[in-house]
2 protein chains.
Amino acid sequence: MPTHFQGDPAQVLALDTFIKLTRAASSVQQTLSQGCTYGDLTVSQFGALETLYHLGPMCQNELGEKLLTSPGNLSLVINNLEKQGLVRRERDSIDRRKVTVVLTETGHALIADLFPAHAAAIAAAVGVLDGAEQQLLGQLCKRLGKGQPS
Amino acid sequence: MPTHFQGDPAQVLALDTFIKLTRAASSVQQTLSQGCTYGDLTVSQFGALETLYHLGPMCQNELGEKLLTSPGNLSLVINNLEKQGLVRRERDSIDRRKVTVVLTETGHALIADLFPAHAAAIAAAVGVLDGAEQQLLGQLCKRLGKGQPS
DNA sequence: TGCTATTCTTTCGATATTGAACATTTTTAA
DNA sequence: TTAAAAATGTTCAATATCGAAAGAATAGCA
């Protein structure tokens, strides 16, 4: 609904930009869902597995920060992955408040199997922009973000 | 997690771009939530009210397309708005499959009250980019979208 | 050392979200 | 004109999501 809103031109532009940004993110997300690149996993579950796959085991707090989700939510997502036997919880023996989440063999095999097609699907979706455009988009987006740690 | 993934450079760039896009959208969304610009409404509820406010009454199907959400979801969101007395359902007398959603006076007054601060908050969040950058970002994002009708 | 504040996780209640099945109504086409 | 197909909403089950409260464990400080 490109801003059927009359007012301060700077605000109109900002709203329009915001809507386009939101829609672009949704749209790519939808394309991926429809492309079946998540297997039988939900988007959240896939994200958790992928992070563990690329960065190794980490405690829930850290994982939650990387996935930009609340502790309560992450707890549920990990529960559901645990039920499927894809991850394992290990209480940290040094700091017993922490719970380290570890991929099981099954989980590792699953994400290793799914990831290449997923990456290809993202590349295809984002590929409507050429390399220079993607870099430009990335830079602009980065400046909008809060500078979450990488 | 800027793509701790080794592989085809084009895929790495695309993944990185995708992550930055997703994070930028989340980040702005979070800034708005924390800025209290949604009042006591959820993001979905606010979106529905705002759309009705700017575009006038419309049937649920049309509203669902504008908000990029499923029929089932929209049905619930409208239920919750109805419970709060902010919208009213009216069965279309010509095509009796359709249900037109209309803002009540209360709903209209609420969104009219909330919207200006919301627009200002968006302008502030997106305002880290200057006008030319916003337009550029908007154009790039638009090309990533599926070209949903406006 | 012992109390207090902080950190990490879980739980709870409410709402959101999707996909699928279903009912109703309209449209299409035979 | 009537039967099949399509469009519109609702409902359901499963998962997600947030905020707030609660529990457990550690860290900091008097």
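This is a predicted model, so every value here is computed, not measured. What you see below is based on every heavy atom in this structure, not just the backbone, and it leaves out hydrogens, waters and symmetry mates. Residue numbering restarts at 1 for every chain, and letters A, B, ... go by the order of the sequence lines.
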Of C/dT7, C/dT26, C/dT15, the nucleotide closest to the side chain of B/Thr42 is C/dT15

Among the nucleotides C/dT25, C/dT9, C/dT15, whichever has the atom closest to the side chain of A/Asn61 is C/dT9

Nearest-Å distance, [atom1] ([X]) to [atom2] ([N])?
X: A/Leu63; N: C/dT7; atom1: CG; atom2: P; answer: 19 Å
X: B/Asp40; N: C/dT15; atom1: CG; atom2: P; answer: 12 Å
X: B/Asp92; N: C/dT24; atom1: CG; atom2: P; answer: 18 Å
X: B/Gln29; N: C/dA16; atom1: CD; atom2: P; answer: 13 Å
X: A/Lys98; N: C/dT10; atom1: NZ; atom2: C1'; answer: 17 Å
X: A/Leu41; N: C/dG19; atom1: CG; atom2: C1'; answer: 16 Å

Whichever of A/Ser70 and A/Arg96 has the more 5' nearest nucleotide on DNA chain D, that residue is A/Ser70

The reported gap from NE2 in B/His118 to OG1 in B/Thr37 (rounded to nearest 0.5 angstrom) is 5.0 Å

Here the gap from A/Phe46 atom CZ to A/Leu81 atom CG, rounded to the nearest 0.5 Å, amounts to 11.5 Å

Within residues 71-82 of chain A, those residues having any heavy atom closer than 4.0 Å to DNA chain C are A/Pro71, A/Gly72, A/Ser75

Ignoring hydrogens and geometry, is there a side-chain-to-backbone donor-acceptor pair from [X] to [Y] under 3.5 Å?
X: A/Thr100; Y: A/Met58; answer: no
X: B/Glu133; Y: B/Asp130; answer: yes
X: B/Gln134; Y: B/Leu129; answer: yes

So, A/Glu82 and A/Arg88, do they make that salt bridge, N to O below 4.0 Å? no

TODO: State whether B/Asp92 and B/Arg96 are salt-bridged, where the test is any N-O pair (Lys NZ or Arg NE/NH1/NH2 against Asp/Glu carboxylate O) under 4.0 Å.
DONE: no

Closest heavy-atom pair, B/Leu21 versus A/Cys141, reported as atoms and distance to 0.1 Å, is CA-SG, 3.7 Å

Closest non-hydrogen atoms of B/Leu13 and A/Gln135, given as atom of the first, atom of the second and distance, are CD1-CG, 3.6 Å

Reckon A/Ser33 touches a base, only the sugar-phosphate, or nothing at all at heavy-atom distances under 4.0 Å?
-> nothing

Heavy atoms under 4.0 Å, any strand shown: does B/Arg89 hit a base, just sugar-phosphate, or nothing? sugar-phosphate

Q) Under 4.0 Å between a side-chain N/O of B/Ser44 and OP1 or OP2 of C/dT17, yes or no? A) yes

With a 4.0 Å cut-off (strictly under) to non-hydrogen atoms of chain A, the first and last hit nts on DNA chain D, 5' to 3', are D/dT15 to D/dT26

